[in-house]
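The chains referred to below are lettered A, B, ... by the order of the sequence lines, with proteins before strands, and numbering in each begins at 1. Both backbone and side-chain heavy atoms feed into the values below; hydrogens, waters and symmetry mates do not.
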Amino acid sequence: MQRSKIKEILTQKKPDDEVLVQGWVKTRRSSKSVTFVQITDGSTLQDLQIVVDETNPGHDAAATLTTGCSVSVQGVLVESPGQGQKFEIQANTLTVLGESDPDSYPLQKKRHSPEFLREIAHLRPRTNTFGAMARVRNSLAYAIHTFFQERGFQFIQTPIITASDAEGAGSMFQVTTLNLNDVPKDNGAVKHEDDFFGRPTFLTVSGQLEAEIFAMALSDVYTFGPTFRAENSNTSRHLAEFWMVEPEVAFCQLDGLSELAEDFLKRLCSHVLANCLEDMEFFNKWYDNSTISTLDSIANSQFERLTYTEAVDLLKKSSQTFEYPVDWGIDLQSEHERYLTETMIQRPVIVTDYPKDIKAFYMRLNDDGETVRAMDVLVPRIGEIIGGSQREERREILEGRMNESGISHDEYSWYLDLRSYGTVPHSGFGLGFERTVQFITGVSNIRDVIPFPRTPKSAEF
RNA sequence: UCCCCGAUAGCUCAGCGGUAGAGCGGUCGGCUGUUAACCGAUAGGUCGUAGGUUCGAAUCCUACUCGGGGAGCCA
């Protein structure tokens, strides 16, 4: 007999159907005459109740089941006379596949703190929260690909190991096969020629520059993969290894890009509501009781658009006092961004045209010579969820900006080449996948929205 | 990296100078078509680590480690 997933059983099977179901025990309640076993198989948030009568030869085994055991059950689907579930399985046979010693099994049939669950990352996928998390992540990843695929974007796989060490996005992890206990040296300096690639190499901080190469040939492309930052960041919204989505669009200026970003975020919100409502209701109940209404309103509302200069004016005019005063020329602080999106505007805000001195060298210089065509999308609770820009497509101006930033023309000659041979206006942004999952689920710590978080001093599992 | 807070039973926490506590979970027994079931009994702790103050430290002080909140860096 073929196994059915619990989700299938609840949606496609009818009373009196005979089914084979396999999963893990959440909890068990027994008496002399009957035992109830609640099992889950991860296909849905809902547990399935198995009823084992005392006359069943498997009753003794069922009565000793504990949380975490794995079982295989053949039985008949019936409408449940009890409260709390529509259907249940009247077991014919129940086989214990794997025991789970209750003295040492850390998961209990009660709520655990996210901090504790992080310490047992190999078992936390079995919890309601993490099962829901995995399904929402999966659904979001699917929505990301379909959004771009439907619009004719090509999915490009950019390298994870890179030799560019000055992409302006923070410190990088070095990749080496040199023996660190006995590094080959030449006059005191490390002999990088002896290293695997014959030169220093690093884990990528962004696929953007490589994506630009393909945008200059295929027009509309995107990347979606792991990204690494060796920053000593200890916050609830930073990881050393995270996933990032980076579309790069040729023949597109900043206003086109911000439209794309807005459509994209709206699509992610509505997709999750349409496909993971049960899991979202769980997050709404236990983590943030405004998350569903927020997603709803985002899917149906207009994002606010402000220039940096307008944002600074607005903040200055507000009666709010900030720890860091607002002034034109300094970057917006977290408190400013959050006040803008959470209090003043109360929905996502796209801030554009930042002073050039606080943004990366590749962003297109405006005619005022002072600002660049940068774009940050700010959302309540998280702050910056998307950072992007129109890229500088004029070679001379790009070279000037590289000089100002101390970036080697030699090392980026290929990047400059794109501006010499058929350059076109183009734009792109980066969306932090885990920050998006945080925003959507309402789970406050980024370590609890990724299966195996990597943070400073922590790389277990 | 900086500021603030925390670390006591498997988990969540109380105790804050004078003999280590509760709830949940575990174990044993009872009971019931049960729903984080219920009732009774029971086991379980070098009070994060290392120093110091004191007649006496879980409790006060110092350092370190780890965790949380905030900041910076950013996605």
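- Between A:Thr235 and the phosphate of B:rG72, there is no side-chain N or O to OP1/OP2 separation shorter than 4.0 Å.
- The six-membered or imidazole ring of A:Phe153 lies away from that of A:Phe147, with a centre-to-centre distance of 6.0 Å or more.
- In this structure, A:Glu246 contributes its side chain and A:Gly207 its backbone to a donor-acceptor pair below 3.5 Å.
- When heavy atoms are screened at a 4.0 angstrom cut-off, A:Glu119 is found touching no nucleic acid atom at all.
- One atom, CD of A:Glu337, and another, P of B:rC74, lie 11 Å apart when rounded to the nearest Å.
- At B:rA75, none of the side-chain N or O atoms of A:Thr227 fall inside 4.0 Å of OP1 or OP2 (strictly under the cut-off).
- Within the nucleic acid shown, A:Asp103 comes within 4.0 Å of sugar-phosphate atoms alone, with no base atom in reach, counting heavy atoms only.
- Backbone-only engagement by A:Tyr324 is indicated by non-hydrogen atom pairs under 4.0 Å involving sugar-phosphate atoms exclusively.
- As a whole-Å value, the separation of A:Ile358 CD1 from B:rC73 P is 10 Å.
- Atom name P, nucleotides B:rG10 and B:rC3: the rounded distance is 33 Å, in whole Å.
- The aromatic rings of A:Tyr415 and A:Tyr412 sit perpendicular, their planes meeting at an angle over 60°, well past the 30° parallel limit.
- For a distance-only test at 3.5 Å, the side chain of A:His112 fails to qualify as a donor-acceptor partner of the base of B:rC11.
- Judged by atom type and distance alone, A:Arg435 reaches the base of B:rC74 through a side-chain donor-acceptor pair under 3.5 Å.
- An OP1 or OP2 oxygen of B:rA37 is reached within less than 4.0 angstrom by a side-chain nitrogen or oxygen of A:Thr27.
- At the heavy-atom level, A:Gly430 lies under 4.0 Å from the strands shown only through sugar-phosphate atoms.
- A donor and an acceptor atom sit less than 3.5 Å apart, one in the side chain of A:Gln108 and one in the base of B:rG10.
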*Could you walk me through whether A:Glu384 and A:Arg435 pass the salt bridge (Lys or Arg N to Asp or Glu O under 4.0 Å) check?*
CA-CA 9 Å; A:Glu384 185 181 343; A:Arg435 283 194 187 171; 5.6 Å; no

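- The distance from atom CZ of A:Arg28 to atom P of B:rA37 is 10 Å, rounded to the nearest whole Å.
- In this structure, the CD1 atom of A:Ile382 is 12 Å from the P atom of B:rA71, given to the nearest Å.
- Look at A:Lys110 and you won't find any side-chain N or O under 4.0 angstrom from OP1 or OP2 of B:rU12.
- Classified by interplanar angle (parallel below 30°, tilted 30° to 60°, perpendicular above 60°), the ring pair A:Tyr142/A:His271 is tilted.
- For B:rU35, its base sits under 3.5 Å from the side chain of A:Gln85 at one donor and acceptor pair at least.
- Note on A:Asn234: every side-chain N or O is 4.0 Å or more away from OP1 and OP2 of B:rC73.
- A sub-4.0 Å separation between OP1 or OP2 of B:rU12 and a side-chain N or O of A:Ser113 is present.
- Between A:Phe116 atom CZ and B:rC11 atom P there is a gap of 5 Å when expressed in whole angstrom units.
- Remark: C1' of B:rC4 and CD of A:Glu323 are 12 Å apart, rounded to the nearest angstrom.
- A parallel orientation is assigned to the rings of A:Tyr222 and A:Phe155, their planes being inclined by less than 30° (bins at 30° and 60°).
- When heavy atoms are screened at a 4.0 angstrom cut-off, A:Phe242 is found touching base atoms of the nucleic acid.
- No contact: A:Glu335 has no heavy atom under 4.0 Å from any strand.
- Interface remark: the A:Gln83 side chain does not form any donor-acceptor pair with the B:rU34 base, using a distance-only criterion of under 3.5 Å.
- Side-chain N/O atoms of A:Ser233 and base N/O atoms of B:rC74 include no donor-acceptor pair closer than 3.5 Å.
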